[in-house]
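Here the structure comes first, spelled out in structure tokens, and everything after it is commentary.
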Amino acid sequence: MNALEIKALSKSFRSNFLYKKTSILKNVDINVNKGSIYGFLGLNGAGKTTTIKCILGLTRPDHGTIRLFGKETGKASDRASIGFLPESPYYYDYLNAKETLALSGKLSSLSNEKIKERTAKIISLVGLDGKEDLLLKKFSKGMLQRVGLAQALINDPDLIILDEPFSGLDPIGRKELRDIILSLKAEGKTIFFSSHILQDMELIVDDIGILMNGKITKEGKLKDLVKKTIKHPVDYSLEDLFLKEIKK
Amino acid sequence: MKIRAIALNTFKEAVRNKIFYLLIFFGVFFSFSSKLISMLTIGDTLKILKDVGFASINLFSVLIAIFTGINLVYKEIEKKTVYFILSKPVERRDFILGKFLGLALTMFVALTIMISVFSIFILLLSGTFDPFILLYFIFLFTELLIIISISILFSSFSTPILSSIFTIVLYLIGHVIWTFNEFKYKLINPIEKFFAYFIYYLFPNLEKFNIKGALVMNDPISIKIILSSLAYGIFYISAILLISIHIFKRREF
Amino acid sequence: MKKNTYLLFSLIFFLLIGFSQYTYDLNTDYFKKRNTFLALPSGKTMRILSFGNSELVADFIYIWSIQFFSNYNILNSKQFIEDIYNLITDISPRYKDPYLMGSTIMAIEMNNIEMAVRLLQKGSKNMEDEWIFDFESGYYTSKYLKNYKLAEKFYKKASKKKGAPDFISRLLYHSIYMQGKLEESLALYQSVLKSASTEMEKHSANLHLYQIKFEIDKRKVKSAIDLFFKRYGFYPDNINELVTYRLLEEVPKDFKGHYYNYDQKKGTIDPREGYMWKK
């Protein structure tokens, strides 16, 4: 059973009701295996964020079906098993980290005891120890990203969706985030993340999908994809593959 | 309760904002300045005192309602914090209701502060406490809830500047719509007549919640009027919130 | 030194500001007598434009009107007085002070009693349970116009209202007396005496009754004496003669039961005691 299965997803937008519709997604198919790390690649404006918004129900797709753990989505309660880290780390800056996590937990219908238990665990996991009571106003971008990750993990989700998690992080932060993602995988979680920082992706992903102009042009195991086109086995990398796709 | 969590969070946001305190301070300050103005009159100074005080409480509570109402809803969308909430297992309906209840709680606190401070002020100056102030409180609160629901409606699909203009205009229309009574009976053409009645019943009639005059003049207000006004308020708020939920449900981010 | 340059320049400008204001003031007479022009919208328009704050608008116009009418530099300020007070009382028909203040200015300062009474009667119409408007109307008509008949009407209206003080009914009886309806007022004052509770009230009622009785008797005796004079060409020696000649039924006695003094030279009677009553 796949953790996430997207079939023939298309979406078009009209920026103004006088303009013609522009297609963002055209028949996108994505399969994410349970317990794997899926890297979702694409240029800016390729439709990565739109795809994620469709999964979360923030936008309604024109066509296509989205299945979560075999069940078709559509209701709010389906999101109970998802944790989401938005691309831009905008949170309520008048709250502190603890309050943000508590709010996040309450919105996921967790009990107060459960919230307390999870908060203690997650704060040390994302490395926010000693900063729980600081208002988010005072946080740097890297620290906000940690808060974002923490709020996405509060409800112990099975599928974790991360939108550009590595952007704006320093090398140490990226290393720590990679470790967190790997540790989540070790717990049996499925991680779906979009990024254009290929080096980080290459180090951790199992599968990748490349989204180009609203279409999935390549999908599969990273090892297979990189191997298939291999000519110079020593230094062929994900980056080469991606650049080749762009040039097509 | 998810609605409660959203409501409390909204309240927290309003209360942790300095503008909230500034507006309350000005409301209290201007209601105190009524003492100064009442010195200029000849005759009943208490009337002037109450008129100026109630009017300033009214003005500033309406300002708080319009600006926090629009600000807090639009900011969610503009700053994308709405992703944070809507990516959780939260119904969009719960978001609107939570926002409304949070703003209602905010207004309740602001109004309680202003009216109780002013009542104590009046009590110290005149030695009398008018229990009808409680009725004034309930009526003004209902009016503010209508304004909040309207501002939520507008900010669910429009920009903050447009929303504030719309809401202010609707507030002003709400206080003059009673003049339609003057000419809606004079119209003969059925289409014009229908149009006039339509407008009359569509726009909020806020003047019925304005009992400042009756309060100051000690005019009696019949229980029928009170109940029908409150029922009107509840119906109006429900209708506006339902439309807001409808629009917000279809909205894409 | 350098960092204070801007401050220094601003100080110079402030001095210049002060100087130019001073020269302006030297050439301006702020208190010169002048005419003014007023254009006020109607009361209904103001009520609509106040967006639910009509009481406040009424207050402000009322306060402004007090300042306006106590500014004696405006030559024609009184020209608009009726419009202004009509405006205020249109906006807030149940606000008492403007009626009273307006009518006071109209009556005392302008001596225009009709206008004052018009304003007061508007108040009486708008606040039907309030006695003071009719009382003041009656007061002005009796005091300045000496129109006791009209005053009686106003006092009667005022005395019937809730909370009206007792003195209004006494003013009403006085206005009846002043119209020369002596018998009617005698009966009224007798009822006052009956219901009087304090010594002061009793004393006052007694004085009135003495006076009224005296005037009734005086009128009676006078007509009898005039008839006597016509018939015989001289005044009678005493009152008893009038009874003897059947011009009077009996010799009148004053309210205390004493006979009056008779002045043969003038042919009139005077009260025996030094009762005086302001008239």
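The analysis underlying the following values was restricted to heavy atoms, covering all of them including side chains, and did not include hydrogens, waters or symmetry mates. If you're wondering where the values come from, they're calculated on a predicted model, not measured in any experiment.
Your options are Ala102(A), Gly57(A), Ser104(A), and the one with the most heavy-atom pairs under 4.5 Å with chain B is Ser104(A). Among Gly83(A), Pro157(A), Ser108(A), Gly148(A), the residue making the largest number of heavy-atom pairs under 4.5 Å with chain B is Ser108(A).
The distance from the NZ atom of Lys2(B) to the CG atom of Leu103(A) is 12.0 Å, given to the nearest 0.5 Å. Put simply, OH on Tyr83(B) and CG on Asp163(A) are 9.5 Å apart, with the number rounded to the nearest 0.5 Å. How far OG of Ser87(B) is from CG of Leu58(A): 6.5 Å, rounded to the nearest 0.5 Å.
There is no contact between Ser81(A) and chain B, counting heavy-atom distances below 4.5 Å. With a threshold of 4.5 angstrom between heavy atoms, Glu99(A) approaches chain B through side-chain atoms but not through N, CA, C or O. For a residue to count as touching a neighbouring chain, one of its non-hydrogen atoms must lie under 4.5 Å from one of that chain's; by this rule Leu135(A) touches chain B with the side chain only. Contacts between Ser77(A) and chain B at a heavy-atom distance below 4.5 Å involve the backbone alone (N, CA, C, O). In this structure, the portion of Arg92(B) lying under 4.5 Å from any heavy atom of chain A is its side chain and not its backbone. With a 4.5 Å cut-off on non-hydrogen atoms, Lys137(A) does not touch chain B at all. Interface remark: Asp93(A) contributes side-chain atoms only to the contact with chain B (heavy atom separation under 4.5 Å). With a 4.5 Å cut-off on non-hydrogen atoms, Ile85(B) touches chain A through its backbone and its side chain both. Heavy atoms closer than 4.5 Å to chain B are found in the backbone of Ala152(A), but not in its side chain. The part of Lys53(A) that comes within reach of chain B is its side chain, from C-beta onward, which places non-hydrogen atoms under 4.5 angstrom from that chain. Contacts between Leu95(A) and chain B at a heavy-atom distance below 4.5 Å involve backbone atoms as well as side-chain atoms. Proximity to chain B is absent for every atom of Thr50(A), based on heavy atoms less than 4.5 angstrom apart.
Under the 3.5 Å distance criterion, the side-chain polar atoms of Arg79(A) are matched with a main-chain donor or acceptor of Leu86(B).
Put simply, the side chain of Lys88(B) reaches to within 4.5 Å of the side chain of Gln151(A), judged on heavy atoms. In this structure the side chain of Phe84(B) reaches within 4.5 angstrom of the side chain of Thr100(A), judged on heavy atoms. Considering only heavy atoms from C-beta on, Tyr92(A) comes within 4.5 Å of Asn9(B) through its side chain. Contact annotation: the side chain of Arg60(A) never approaches that of Arg251(B) to less than 4.5 Å [non-hydrogen atoms, C-beta and beyond].
Remark: Lys98(A) NZ is loosely packed, at most 12 non-hydrogen atoms of other residues, nucleotides or ligands lying under 6.0 Å away. With a 6.0 Å radius and a threshold of 12 heavy atoms from other residues, nucleotides or ligands, Ile199(B) has its CD1 atom above the threshold. Within a 6.0 Å sphere centred on CD1 of Ile191(B), other residues, nucleotides and ligands contribute 12 heavy atoms or fewer. More than 12 heavy-atom neighbours from other residues, nucleotides or ligands sit within 6.0 angstrom of CZ on Phe166(A). Within a 6.0 Å radius of CZ in Phe32(B), more than 12 heavy atoms belonging to other residues, nucleotides or ligands are found. With a 6.0 Å radius and a threshold of 12 heavy atoms from other residues, nucleotides or ligands, Asn213(A) has its CG atom at or below the threshold. Annotation: Lys215(A), atom NZ; neighbour count of heavy atoms from other residues, nucleotides and ligands within 6.0 Å does not exceed 12. Under a cut-off of 6.0 angstrom, the local environment of CZ in Phe157(B) is crowded, with over 12 non-hydrogen atoms contributed by other residues, nucleotides or ligands.
Salt-bridge check for Glu91(B) with Lys75(A): failed, with every basic side-chain N at 4.0 Å or more from each acidic carboxylate O.
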